[in-house]
Structure formats: structure tokens, C-alpha cells
J.: 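A single structure is presented below for examination.
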Amino acid sequence: MKVHEYQAKSILAEFGVPIPRGKVASNPEEVYRVAQELGGKVIIKAQVHAGGRGKAGGIQLAATAADAEAKAGKMLGSQLRTFQTGGDSIIIRQVLVEEAVDIENELYVSAVIDRSCSRLVIMGSTEGGVEIEEVAAHSPEKIYKEWADPQIGLAAFQARRLAMKLHDDKAIYRQLAVVIRGVYAGFVARDASLVEINPLVVTRDGKVLAVDAKMNFDDSALFRQPTVSGMRDAGEEDPLEEEARAAGLSFVGLDGDIGCVVNGAGLAMATMDMVKHFGGKPANFLDIGGSSSPEKVLTAMRILLSDQKVKSVLFNIFGGITRCDDVARGMVQALAELKKKPPVVVRLTGTNEDEGKRILRDVGLEVGASMEEAVRRAVAMAAGGGR
Ligand code: GDP
Ligand code: MN
């Protein structure tokens, strides 16, 4: 799960990371009030779940509260497209209004899990403000790393050692060490999967401030992170993934053209592998889970069919707790309700298989004899083989 910059900043601030004074606002009048409180000269920042806002016009400096109000008025409700939005435009619904800071120097600090050694790694670089991928590609030696011991955590000396690589001045690197420890503590306490401060700035008057902040969280831990889950902005998420979540389905959109409806994550993976093996491309990962009701199947179909790329739909159901007849009823109902009807091929086996197959054949649906046959048919149909 992702959160907005202002939310990430509020979390990091709890762990001792200094942030500029500011407030989020959703209309120009509010922006005016906040700007006035902050002394007039402010920076207005579009709150969308994508970086690269600066270059796209989503970050603007205002000289006075009236200027802030006017600029925010243009920004709110408009669309922003950055290199991270994948060609899509996102509507700006909120802006963060912050005191503008005089930047001496832009640094970079982040934390992620290093899967190669199953440890949290904190990274720092003197090349802040720019895209870190560029730094990693062209001058990887400018990125410094410290790995936290899972039992001991990040030791104070590690935070200091990293801080000293980022700045020579003692008064500054001491502040940097506080930030690094805060990033580590916030990451662990809130079950984050990413913390990134880019840029972490040193101001002209010698203060360290997180001018930007990004945090992503581990979805599997949200049940024990009420504050974090309360920060979800449904408007920013993929509407299909949102609908799937609400229906208790686990869905991940992919870029192929064969819609897959499967029960069980393992079978879903195997199905996707087999689709690929026979030359097709899955449009999604979709696990309808155990004990599937007809409603779940209906939702699954609706989600798949709202994806314009889907040319054929493959059902692969292994009935256990899931009853084949339930799935079949859901499919029949779905096909009756949905306007768009792509070719569907089904493989059903297990609990109440015969009943399920009878229901499907009664409405003229194709039922594959084996998983392999069903997958081959779905691939051929997507490729234009038709029925
Ligand atoms: P991003 O482009 O989405 O990553 O947004 P950032 O919050 O990182 O802002 C982009 C750039 O705007 C930063 O690297 C800074 O150079 C600049 N910027 C952001 N806030 C301030 C500020 O308060 N004062 C000044 N002078 N520049 C700022
Ligand atoms: Mn940034």
C-alpha cells in the first residue's frame, strides 16, 4: 500500500525525522489560510501517488498567500502526468502547503529490504534531488549502504558512519544520523516495505529537513497497522484491484490478453505458467479463493471483462472446499448479466464436478477435458482461433 507525501512525513516525524512546517489542503481558500499561517512564502505540492512531480509541474513556489491560493486553484482538480504514472494522468485532489526552505544541498536516504541477505538496508547518497536510478546506473559508488542486523537492529555507529559519508560538518552529520535512525525505526515499527527521502536537504542555516518523503507498506501487515491502513486513499488505487479487494479476491493486473480465474494461489501460478508455456500471455493473476460463492465469480468476471485487453477467459477450478457447481452457477449468472461476452473455456474438477459441468453444458459453454486442453484452447481463442 502507498500513502501520500504528507502522510509519510507525519509518520517519519513521529520517529524524529525533521520535516518542514505545513498542512494538506483540498481547496484554494484553505491553501490561502495555511500559507498565511506559514508566513506567505510557501511551496505547493501535488499529493498524488507518484514521484517526479517537480518536473511535471506538480511542485510550485508561491511568494505570498494570494499567490499560493491562485496557483493551488489551478493545480487542484487538474491532471498530472509524471514519468512514474505510466502514461496515465492523475487528478490532483489535495496539495501540501509547506514553508519554502532555502536549500544548500540535496541528499538522499532510503530503506528497503535487501532480499539477497534478508536484511533491512539503509542507503544514502550525496546525489539527492535527482532520480536515484540514474545515480545507481552511472555512479553506484556514490550510494552508501548499511545493513541492519535483524536481532540488534541498526546500531548507532552504523547510522553515524553513513551520516559521515553524506556530510563532513559535525553539526550536520549528527542531524543526519538522527534522520537515519528515524527512518530505520519508522520502517520497522510501521511494517514498511520502502522509505525514501529524496531530497533530504541541508538548509542554508544549517538544518537538516526531509523535503520529500515516500513510504510503501507491506499489505500483509496492514491488519496490525490501523493508523497506516486508515491512510489508504482509494481514489489513487487501481479501481479494479480495489473492487477485487472489496470482494475478497486477490487480483493483480498484468499486460497479456487471457483472463484467468483460478482458485488457490498455487494453482493460479501454475495456470499462468502453463498459459505462457503454450505461447499465451495472462492478463491477470486472479485467485477467487476457497468456498467461492456465485457472487465472487460474478465479480471476478466483471473485473476481467472491464479490461479491454482480455480476448479469452480461462477458468481453472480445482474443487475442494470450492464447489464446482457454485462456480458454474456464478459463471452462468455472470454471462447472463454481462454485455460483453468473450470466449470462455473452463476446466473444472473435484467437488460436485459432474453437476458443475452439466450446468455449463446446458448453456453451451466449453468444458476442457484437462488443464492442458483448456489452456491450449484459451491460448488459441485469444490468438484469434475463435470457436
Ligand atoms: P518529486 O519531484 O515528486 O520527487 O518532488 P520533491 O518533493 O522531491 O520536489 C522536487 C524538487 O523541488 C526538490 O528536489 C527540490 O529541488 C525542489 N523543492 C521542493 N521543496 C522545496 C522548497 O521548499 N524549497 C526549494 N527551494 N525547493 C524545493
Ligand atoms: Mn522527490
Side-chain angles (χ1 to χ4, degrees), residues 2-13 17-25 31 34-35 37-65 67-68 71-72 75-76 78-112 123-136 142-143 166 176 179 183 192 194-216 233 236:
K2 294 178 179 175
V3 296
H4 289 296
E5 172 193 4
Y6 78 92
Q7 296 166 319
K9 280 177 168 167
S10 78
I11 294 175
L12 292 174
V17 174
I19 57 171
R21 291 187 302 139
K23 239 184 222 165
V24 70
V31 170
V34 177
E37 271 170 41
L38 295 171
K41 192 182 165 201
V42 291
I43 195 129
I44 308 162
K45 312 183 75 178
Q47 297 299 287
V48 294
H49 286 182
R53 297 163 301 166
K55 282 185 194 159
I59 311 271
Q60 291 192 26
L61 192 67
T64 63
D67 187 22
K71 284 184 170 146
M75 219 189 263
L76 286 162
S78 75
Q79 306 208 332
L80 192 71
R81 179 185 305 192
T82 82
F83 75 97
Q84 280 192 358
T85 57
D88 298 335
S89 298
I90 312 180
I91 296 177
I92 304 171
R93 295 195 179 85
Q94 291 174 304
V95 292
L96 174 60
V97 186
E98 279 187 342
E99 58 176 338
V101 295
D102 276 333
I103 300 177
E104 169 93 33
N105 169 350
E106 297 189 291
L107 308 171
Y108 172 94
V109 168
S110 72
V112 288
M123 292 179 271
S125 176
T126 49
E127 311 297 297
V130 294
E131 283 158 43
I132 198 68
E133 290 78 9
E134 293 285 307
V135 183
K142 288 188 179 158
I143 300 178
L166 302 184
L176 292 173
V179 171
V183 165
L194 168 85
V195 176
E196 186 177 63
I197 305 179
N198 187 24
L200 174 65
V201 308
V202 181
T203 64
R204 289 198 197 285
D205 54 355
K207 289 203 194 80
V208 168
L209 278 177
V211 152
D212 191 10
K214 176 176 174 180
M215 283 184 91
N216 294 348
D233 182 348
E236 288 278 324

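Just so you know, these numbers come straight off a predicted model, no measurement behind them. Whatever order the structure lists ligands and atoms in, that order sets their numbers, starting from 1.
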J.: Which one of Asn198, Ile197, Ile43 has a non-hydrogen atom at the shortest distance from atom 22 (C) of ligand 1?
T.: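 Residue with the shortest heavy-atom distance to the ligand atom: Ile43.
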J.: Protein heavy atoms: any of them under 4.0 Å from atom 17 (C) of ligand 1?
T.: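 For atom 17 (C) of ligand 1 the answer is no, since every protein heavy atom stays at 4.0 Å or beyond.
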J.: Specify the protein heavy atom at minimum distance from atom 27 (N) of ligand 1: its residue, its atom name, and the distance to 0.1 Å.
T.: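 Atom 27 (N) of ligand 1 sits closest to the protein heavy atom Ile103 CD1, 3.4 Å.
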J.: Is there a donor-acceptor pair under 3.5 Å between the side chain of Lys71 and the backbone N or O of Leu61?
T.: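 At least one qualifying donor-acceptor pair exists.
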J.: Do any N/O atoms on Gly54 end up under 3.5 angstrom from N/O atoms on ligand 1?
T.: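 The answer is yes, given that Gly54 and ligand 1 share an N or O pair closer than 3.5 Å.
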J.: Hey, is the main chain of Lys45 close enough, under 3.5 Å, to the side chain of Gln47 for a donor-acceptor pair?
T.: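 Yes: the side chain of Gln47 pairs with the backbone of Lys45.
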J.: Starting from atom 11 (C) of ligand 1, what is the nearest protein heavy atom, named by residue and atom, and what distance separates them?
T.: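 Among all protein heavy atoms, the one nearest atom 11 (C) of ligand 1 is Glu106 OE2, 4.7 Å.
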J.: Quick check: Lys55 and ligand 1, any N/O pair under 3.5 Å apart?
T.: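 N/O-N/O distance under 3.5 Å: no.
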J.: For Asp212 and ligand 1, does the shortest N/O to N/O distance drop below 3.5 Å?
T.: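 In this structure, Asp212 places an N or O atom under 3.5 Å from an N or O of ligand 1.
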J.: Hey, which atoms in ligand 1 end up nearer than 4.0 Å to a heavy atom of Gly51?
T.: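 Those of ligand 1 that fall under 4.0 Å from Gly51 are 3 (O).
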J.: Please give me the minimum heavy-atom distance between Ile197 and Pro199, naming the atom from each residue.
T.: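 Nearest heavy atoms, Ile197 then Pro199: CG2-O, 3.8 Å.
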J.: Return the residue, atom name and 0.1 Å-rounded distance of the protein heavy atom closest to atom 24 (N) of ligand 1.
T.: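 Nearest protein contact, heavy atoms only, for atom 24 (N) of ligand 1 is Val101 O, 2.9 Å.
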J.: Is there a polar contact, in the sense of an N or O pair closer than 3.5 Å, between Ala100 and ligand 1?
T.: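 Among all N and O atoms of Ala100, none is under 3.5 Å from an N or O of ligand 1.
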J.: For Ile59 and ligand 1, does the shortest N/O to N/O distance drop below 3.5 Å?
T.: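 No.
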J.: I need the nearest protein heavy-atom contact for atom 7 (O) of ligand 1: residue, atom name and distance, please.
T.: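 Looking at atom 7 (O) of ligand 1, the protein heavy atom closest to it is Lys45 NZ, 2.6 Å.
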J.: Regarding Asp212 and Arg53, does a basic nitrogen lie under 4.0 Å from an acidic carboxylate oxygen?
T.: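 Judged by the 4.0 Å cut-off on N to carboxylate O distance, Asp212 and Arg53 do form a salt bridge.
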J.: Could you find the nearest protein heavy atom to atom 3 (O) of ligand 1 and give me its residue, atom name and distance?
T.: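 Residue, atom and distance for the closest contact: Arg53 NE, 2.7 Å.
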J.: Nearest 0.5 angstrom please: Leu38 CG to Arg21 CZ, how far?
T.: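 Those atoms lie 5.5 Å apart.
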J.: What does the angle at the Mn ion (ligand 2) come to, between atom O of Asn198 and atom OD2 of Asp212, rounded to 10°?
T.: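 Seen from the Mn ion (ligand 2), O and OD2 are separated by roughly 90°.
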J.: Could you identify the single nearest non-hydrogen protein atom to atom 20 (N) of ligand 1 and state the distance to 0.1 Å?
T.: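 Nearest neighbour among protein heavy atoms for atom 20 (N) of ligand 1, to 0.1 Å: Val211 CG1, 3.3 Å.
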J.: Do you know the tightest heavy-atom contact between Ala46 and Leu80?
T.: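 Reported closest heavy-atom pair: CB-CD2, 4.2 Å.
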J.: Of all the atoms in ligand 1, which lie at a distance below 4.0 Å from a heavy atom belonging to Pro199?
T.: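 Result: 8 (O), 13 (C), 14 (O).
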J.: Kindly compute the distance separating CG (Leu107) from OG (Ser125), expressed to the nearest 0.5 Å.
T.: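 Interatomic distance, Leu107 CG to Ser125 OG, rounded to 0.5 Å: 8.0 Å.
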J.: Would you name the heavy atoms of His49 and Val3 that are closest together and state the gap between them?
T.: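 Nearest pair, atom of His49 first, then Val3: NE2-C, 3.5 Å.
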J.: For the pair Glu236 and Lys2, find out whether any cationic side-chain nitrogen is under 4.0 Å from an anionic carboxylate oxygen.
T.: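 Salt bridge: no.
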J.: With respect to Tyr108, which candidate in Glu127, Lys142, Glu196 satisfies the side-chain hydrogen bond (donor to acceptor under 3.5 Å, both in side chains) definition?
T.: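 Only one of Glu127, Lys142, Glu196 forms a side-chain hydrogen bond (donor to acceptor under 3.5 Å, both in side chains) with Tyr108, namely Glu196.
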